[in-house]
Amino acid sequence: MSPSFFVFVFSVFVLSFSTYAQSVVDMKLIQGGTYLPLYGVDSLTVKVNSFYMDEYPVTNEEFQEFLKKNHKWQKSNIKGLFADANYLTEWNDDSSLPLNANLNAPVTNVSWFAAKNYCDCLGKRLPLLDEWEYVAMADEKKRDARTDTNYNQYILNWYESPKSFNKQIGSTFRNYWGIYDLHGLVWEWTIDFNSVLISGESRKDVDKDSNLFCGSAAVGATDLMNYAAFMRYAFRGSLKAKYSVKNLGFRCAKDVEPVKR
Amino acid sequence: MRTKIKSKGFFLSVLLLAITIMSCGEEGKDSSENKLVASNANIPVTLEMEAELTSPPNVPRSVGRRKAKKLIVNMEVLEEEGEMADGVSYVYWTFGGSVPGSFIRTRVGDEVEFHLKNHPNNKLPHNIDLHAATGPGGGAASSFVAPGHETQFSFKVLSPGLYVYHCATAPVGMHIGNGMYGLILVEPEGGLPQVDKEYYIMQGDFYTSGENGDKGLQTFNMEKAIEEDADYVVFNGKVGSTTGDNAITAEVGDRVRLFVGNGGPNLVSSFHVIGEIFDVVRVEGGSMINENVQTTIIPSGGAAIVEFMVDVPGTYILVDHSIFRAFNKGALGMLKVTGEENKKIYSGTQKESVYQPEIKGDKADMAMNTKKVEKEAPLKNRAERIAAGKAVYAQTCFACHQANGQGVPNAFPPLAESDYLNADVDRAIGIVLNGNKGKITVNEKEYNGIMTPQNLNDEDTANVLTYVYDSWGNSKRDVTPDMVKKKRSSH
């Protein structure tokens, strides 16, 4: 894959999507492949098709623009079914951010419904859990850095450092695919975030869903890979689609073949 | 596969047999205890109240004679940076903002309505498993909560005892290893017998990215945790949580009760109070009472209640008697007791003399002639004297002042690069000979402990001090036996 090929693909895209062209150029092509997820066994690798992913998480400023045009997703108009009381909780009103907010920080305190709708409006979608995990296993150099101690310690350290949500997008590393900030700023919604369930009683999961832990000897393993991923799955498992969480943002994805409408 | 099943079946039948045999012997007791728990389930509750929660080392008031109630517990989960040791910080995950988490005090029959609140700034989901609750996961299955949310569940406390609670969210070991544990007490009807002082002490082991003592923000180290290679073993979440000015206190004649827990995640504690004997130990926090105990074992995820009367004043050191943890990893606390001396119970040092078994002759003669046997030693050169002093140090000073003279924060002052030591050699000689008591300031840190007089002759005293002055960036000055002799006679 030469860089010029990418450019070619992008330009084709830009042309075919005149309405939302501006957002497409901010996306990177992710070459499909197979990977072994946390919950998988060797014989059950998951296939991920090629797709596009936003280079950065959606920012406060971008979401502010979205709200100006889409009044029903504003704080005062949103239906209780689609967002809990934490929705944009720190925003002053329907369109203005709190004074200390960083316009270029990821937007957080948004529900899954709002995130999904935001992407829909741009002709995009939320990434699949497997797509997200597939991209997120890369470090700067490797497609799959999950066995690398430094990579894992970096993620674990982030999990343990409070208040990273107000950092500027792009302030963490650019990974193999050219994607920033998958680890280090905020958690991110995926479209099927609750498709792998970790129940509240995580020790019981061992026999509840043998797919989740079987074979991988996940808990007893000495490799750190499982711990970092584990916590992500645990976090996702605690969510409901209407929840809005301070450390949870999102980014969009898109199929390589344009969606027919 | 088949043989495996078969052997499992065999094992089961043996187990069943064993249970049958056991239950034959103890039928009467079993059924009465079952009845008790069953009847506790029927204790009616009247009224409701919000539970008083306290951070360590304090505990809420006793339940006394109050009736069983609906007890509302509001517990907030906070992930926040705190201090592990001097200059060493750590992001703790806490129940109620402290490690261990807030102490919950209930009585048998209470219906606990538990509200678990996960602070919006937190990164992670959490839950709580209370060993005092009967039901799936001890509440964990019902309390999984995302940041910025709250869950509620209820349970009735059926069995009196002291129980651990902890977070049980994946990865469980990491949540516990970062401090998510605490104690919940279930008192019997009418409460535990009254005592004068009650305190809350909970041990935990920590695994950090750096080694013990490495400064700056430390993060959790998974590999060390799996290998059970702890960098810190501490009481109440940090080195020095209950030493120096933070020591717990009592007065002579007080009856002291310690609620002692062990959060782990890995290590089992050999809990001991130096200079005390536990009159009563409620073994493992349950109903069995043991008496006159020196050291009691507290499993990870377990607890014990110990009680003792303090008879003489002084500082009593709380340790995990797996002793390197106490002196090298931080598992050390202090109970300071004030009041009247009682020489009948403890005299203090009554007499010092030289003991030299190689000298032949009448024993009575020797005791009479201690002065005489302090014979003139041949003069050694400085290197020899330093070597001899080093040996004395290893025997006499090492336990408190540590291998490299670094001391123990808030407990034993450092000898390395010590301004206090270098300022006054005469004072240093005096302290070795006569001990020291009360507040001193060493390298800008205050210490308030007791050093006992050291039973050393002039030569050994001179050698060990010369060694200390020669080591760890100190002033290299010489201390001679003559200087020691002079100081001794001036006293």
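Residue numbers start from 1 in every chain, and the chains themselves are labelled A, B, ... in the order their sequence lines are given, proteins ahead of strands. The model shown is predicted, which means the values in this text are computed figures rather than measured ones.
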Heavy-atom proximity to chain B below 4.5 Å, by part of A:Asp84: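 It is the side chain, since no backbone atom gets that close.
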May I ask you to name which of [options] has the most heavy-atom pairs under 4.5 Å with chain A?
options                      : value
B:Pro171, B:Gly139, B:Ser209 : B:Pro171
B:Asn122, B:Asn118, B:Thr219 : B:Thr219
B:Val91, B:Asn121, B:Val145  : B:Asn121

Smallest separation among heavy atoms of [X] and [Y], with atom names:
X        : Y        : result
B:His149 : A:Ser244 : CE1-O, 4.1 Å
B:Leu124 : A:Trp187 : CD2-CZ2, 3.6 Å
B:Pro125 : A:Ala234 : CG-O, 3.6 Å
B:Gly148 : A:Asn86  : O-ND2, 2.7 Å
A:Ser164 : B:Lys123 : OG-NZ, 3.1 Å

Interface moiety of B:Asn178 toward chain A, non-hydrogen atoms closer than 4.5 Å: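 B:Asn178 touches chain A through side-chain heavy atoms alone.
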Proximity breakdown for B:Tyr90 and chain A, heavy-atom pairs closer than 4.5 Å: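 Just its side chain gets close to chain A.
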More than 12 heavy atoms of other groups within 6.0 Å of A:Gln74 CD: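 More than 12 heavy atoms, drawn from other residues, nucleotides or ligands, come within 6.0 Å of this atom.
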Taking distance alone, no hydrogens or angles, what donor-acceptor pairs closer than 3.5 Å link side-chain atoms of residues 230-238 of chain B to residues at least two apart or in another chain?
unit_1   : atom_1 : unit_2   : atom_2 : d
B:Asp231 : OD1    : B:Lys224 : NZ     : 3.2
B:Asp231 : OD2    : B:Thr208 : N      : 2.9
B:Asp231 : OD2    : B:Thr208 : OG1    : 3.3
B:Asp231 : OD2    : B:Lys224 : NZ     : 3.1
B:Tyr232 : OH     : B:Gly213 : N      : 2.8
B:Asn236 : OD1    : B:Met202 : N      : 2.8
B:Asn236 : ND2    : B:Tyr200 : O      : 3.2
B:Lys238 : NZ     : B:Glu83  : OE1    : 3.4

Heavy-atom side-chain contact between A:Leu156 and B:Met174 under 4.5 Å: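 In short, these two side chains touch, coming nearer than 4.5 Å.
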CG on A:Asn157 to CD on B:Gln218, rounded to 0.5 Å: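 The CG atom of A:Asn157 is 10.0 Å from CD of B:Gln218, to the nearest 0.5 Å.
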Atom pair CG/CD of B:Asn221 and A:Gln153 - distance to nearest 0.5 Å: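 Answer for the CG-CD pair, B:Asn221 versus A:Gln153, is 6.0 Å.
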Counterpart residues, salt bridge (Lys or Arg N to Asp or Glu O under 4.0 Å), relative to A:Lys240 (two or more places apart):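 Checked A:Lys240 against salt bridge (Lys or Arg N to Asp or Glu O under 4.0 Å); zero matches.
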